[in-house]
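To start, the structure under review is shown below, and the notes come after it.
Sequence lines set the chain letters: A, B, ... in the order given, protein chains first and strands last, and positions in each chain run from 1. For clarity, every value in this text was computed on a predicted model and none was experimentally measured.
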Protein chains: 2
Amino acid sequence: MSRRRVTLADLAQAAGVSRTTASLVMTGRGRELRISHDVEQRVLRAADELGYRPNAVSVGLRTGTSRTIGFVSDTVATSRLAGDMIKGALEAARERGVMLFIGETEGDPELERGLLHAMQDRQVDGLILASMYTRTIKVPKDVGPAVLLNALPKTASDLPSIVPDEVEAGRAAARVLLDAGHRDGIYLIGVGPELGDVPPRSVAARERLVGIREILGEAGVKIAGGRMFVDWLPEEGSAATADLLEQHRPKALICLNDRLALGAYHALSDAGLDVPGDVSVVSFDDHPIASWMRPKLTTVALPHYELGRKAVEVLFAQMGEETGQGEIHRVPMPVRHRESVAAPRV
Amino acid sequence: MSRRRVTLADLAQAAGVSRTTASLVMTGRGRELRISHDVEQRVLRAADELGYRPNAVSVGLRTGTSRTIGFVSDTVATSRLAGDMIKGALEAARERGVMLFIGETEGDPELERGLLHAMQDRQVDGLILASMYTRTIKVPKDVGPAVLLNALPKTASDLPSIVPDEVEAGRAAARVLLDAGHRDGIYLIGVGPELGDVPPRSVAARERLVGIREILGEAGVKIAGGRMFVDWLPEEGSAATADLLEQHRPKALICLNDRLALGAYHALSDAGLDVPGDVSVVSFDDHPIASWMRPKLTTVALPHYELGRKAVEVLFAQMGEETGQGEIHRVPMPVRHRESVAAPRV
DNA sequence: TCGCATCGCTAATCCGATTTAGCAAAGGGA
DNA sequence: TCCCTTTGCTAAATCGGATTAGCGATGCGA
């Protein structure tokens, strides 16, 4: 179908110079190594006419660098929630002329090993080890330059981490309610009011709660109660809220994610309560449904796109420096003010 | 950090044989080329001890094949809707020991060219050209082995296409209502009742409508009306349904996608109508929200995962045969029976 | 005019594998 | 004993570039 690719040898012949000269010109080292302007122009013109593009595989073999990075995740690549993470990484990579390999481990260590090997065998310049939900992961040995995305190292590691700033997000959610004038009747959906009442292994749950408690505590506001659930699904949000309503009359709900909030909406609606007239709702994640719900949900957004970008940026910085410092980069989670929060009814 | 990789030369030396012999053994051609069992075992053992893995870049240079395919899309890679497409492709690729490059063009032809070049420069064995929404695309020249995913060639092309079977999906949706006993008061949300009343360039809209009309027509059932909207967003579903309710009293709604259905739910609820008691709703896509809605939405699912898998399968078949035939592979769209359809009220 | 530095370019090697062609030793037949 | 196969392995070429070392021509100062 397509005729043979144009190689450096073809280019050199067309320009009437040696392969060395052609290479020097094409890599931009012609000046430095005293190639005459005349010859340089001849090579450049020939390259343009022939449509010469260096074979990246060959360059990779010779230089040991492939202008390629690997994006390995448990399942994030295909999660609807976090596709933006890939997008951010993709764009940041493109800006640097780098391609992205992706792979999923599905939590299987065997798969992970195979995947990392396959990428290393292809001489990736660096790796992004991503996780669907923020959590701690065991860092593989000898991965070369790498960053953790949406994940923290389980044991001390010199790999940098990029994670959403969940504590600050918790503070922000609490401030949203305080700013609206709420001082009591604030309940939590997804976690209990105490620091111990969080789903195990959920960094987001723990940190969000820390932030919430900190700000409410500072304001002298007491959390009226909460319901802990592990998976944070809509049904759980419904159940938690319905259960709550049997005994209490909440004025505001902090739902630990948008799916819980969706369920909470349903339960509130069933109870004939109006959002935000009777009950204000604030949530986390900014899942697409948040802006489809009625009323539109005020929520603290997971900055997926920014996380992805940042991962690539940090990875490149690290590749330059060669000094892994295990730094933790926290990406701000912006509040999306919408329609689900109002002043408490007097 | 990590010591130098073990090369074939290291392996040969450790086993006390030539690089040729080591290579023959490792590529499994030892038998064929008369390497003694004894030597073979020695090489194998050494390889195991040293942890030898061939450098894929070098192999790629020598053999011209990279065990890598490229997944180029307009924006599908990061769309929440279609991440499953990637997942299907990823798994099918892994089963074949192949890695996946991904890239997004965002509809920019310049970006697309650059991306295709970057992939070809890296000697990908094949390409998947994917689209977010089913549509016709202009096929780039000289791409080598490739398949179109969720897309059809704008002009005649010998590249195979993999698309969801939208016409059959339309038939299925119509049958769902017929089977439930509906014979009149069936309205369309998202397209008009006539074949001309569809958003331009939307293959899905056109084909779904064709299927719907075919089955209803065969049953002697007339479509009572419809409302055409271009973007199929929740607000449009609300608006369309509200508008409809001003003049008509529908018994069933065929929403052209789940977001429209979500909006329709809201409008029906506002009008005090019960789903499915007063109005049955059937939809398309099986977006995640479909099972979060109340009542859960009966919808004809886009088989994203299967589309992705199929793309890789067809690509490999094509790479084997060298005979692009421009075949169109239609992947079935299964009905997800849930709670939004009931017999019409008598 | 000779010697040396500079200029402008190229030959040769290397990266790490695969593959072709062929060599030395052993075996077999006449 | 001589010649021809077969066996078992290896030297060398190759893929397409980057890089090192160096070569011939020119210019300049003494």
Nearest-nucleotide pick for A:Ser58, side chain only, options being D:dG17, D:dT20, D:dC9 = D:dG17
ask   = Between atom CZ of B:Arg201 and atom OH of B:Tyr133, what is the distance when rounded to the nearest 0.5 Å?
value = 14.0 Å
message = Within residues 117-124 of chain B, which residues have any heavy atom lying less than 4.0 Å from an atom of DNA chain D?
response = none
query = Rounded to whole angstrom units, what separation is found between the NE2 atom of B:His37 and the P atom of D:dT7?
reply = 18 Å
key: Nearest-Å distance for atom pair CG/P, residues B:Leu11 and C:dT18   = 11 Å
key: Any side-chain heavy-atom pair of A:Ile137 and A:Lys154 under 4.5 Å   = no
note = B:Arg31 CZ to D:dT7 P, in whole Å, measures 14 Å
B:Thr21 side-chain N/O to D:dT10 phosphate OP1/OP2 under 4.0 Å = yes
task = Check every strand shown and say whether A:Val6 touches a base, only sugar-phosphate, or nothing at a heavy-atom separation below 4.0 Å.
result = sugar-phosphate
inquiry  = Check for me whether the distance between the ring centres of A:Phe101 and B:Phe101 falls short of 6.0 Å.
reply    = yes
key: Distance, nearest 0.5 Å, that separates OH of A:Tyr52 from CG of A:Asp10   = 9.5 Å
ask   = Closer than 4.0 Å, any side-chain N/O of B:Ser23 to the OP1 or OP2 of C:dT18?
value = yes
query = Do B:Arg330 and B:Ile328 have side-chain heavy atoms sitting under 4.5 Å apart?
reply = yes
query = Does a side-chain N or O from A:Tyr52 land closer than 4.0 Å to OP1 or OP2 of D:dG16, or not?
reply = no
message = So if I take every side-chain heavy atom of A:Leu24 and compare against D:dA18, C:dA17, C:dT10, which nucleotide ends up nearest?
response = C:dT10
inquiry  = Students often get this wrong, so: under 4.0 angstrom with heavy atoms, is B:Val57 touching a base, only sugar-phosphate, or nothing?
reply    = nothing
task = Could you tell me the separation between the CZ atom of B:Arg94 and the CG atom of B:Leu100, rounded to the nearest 0.5 Å?
result = 11.5 Å
request  = Take atom CZ of A:Arg19 and atom P of D:dG17, then tell me their distance rounded to the nearest Å.
outcome  = 9 Å
query = So do A:Asp74 and A:Arg135 actually touch side chain to side chain, heavy atoms under 4.5 Å?
reply = yes
request  = Have a look at B:Val17 and say if it touches a base, only the backbone sugar-phosphate, or nothing, with a 4.0 Å heavy-atom cut-off.
outcome  = sugar-phosphate
query = What integer distance in Å separates B:Glu40:CD from D:dT7:C1'?
reply = 16 Å
ask   = Taking N and O atoms by type only, does the side chain of B:Arg62 place a donor or acceptor under 3.5 Å from a partner on the base of C:dA17?
value = no
request  = Report yes or no: is there a donor-acceptor pair, N or O only, under 3.5 Å between the side chain of B:Ser36 and the base of D:dT7?
outcome  = no
For atom CZ of B:Arg29 and atom P of C:dT18, their distance in whole Å = 10 Å
ask   = Could you give the distance from NZ (B:Lys138) to OG (B:Ser157), rounded to the nearest 0.5 Å?
value = 12.5 Å
message = Quiz question: going by heavy-atom distance under 3.5 Å, is there a donor-acceptor pair between the base of D:dA11 and the side chain of B:Thr20?
response = yes
query = Nearest of C:dG8, D:dT20, D:dC15 to any side-chain atom of A:Arg34?
reply = C:dG8
ask   = Of the nucleotides C:dG16, D:dG17, C:dT18, which one has an atom closest to the side chain of B:Val59?
value = C:dT18
remark   = Per nearest nucleotide of DNA chain D, the residue lying toward the 5' end, A:Leu33 or B:Gly16, is B:Gly16
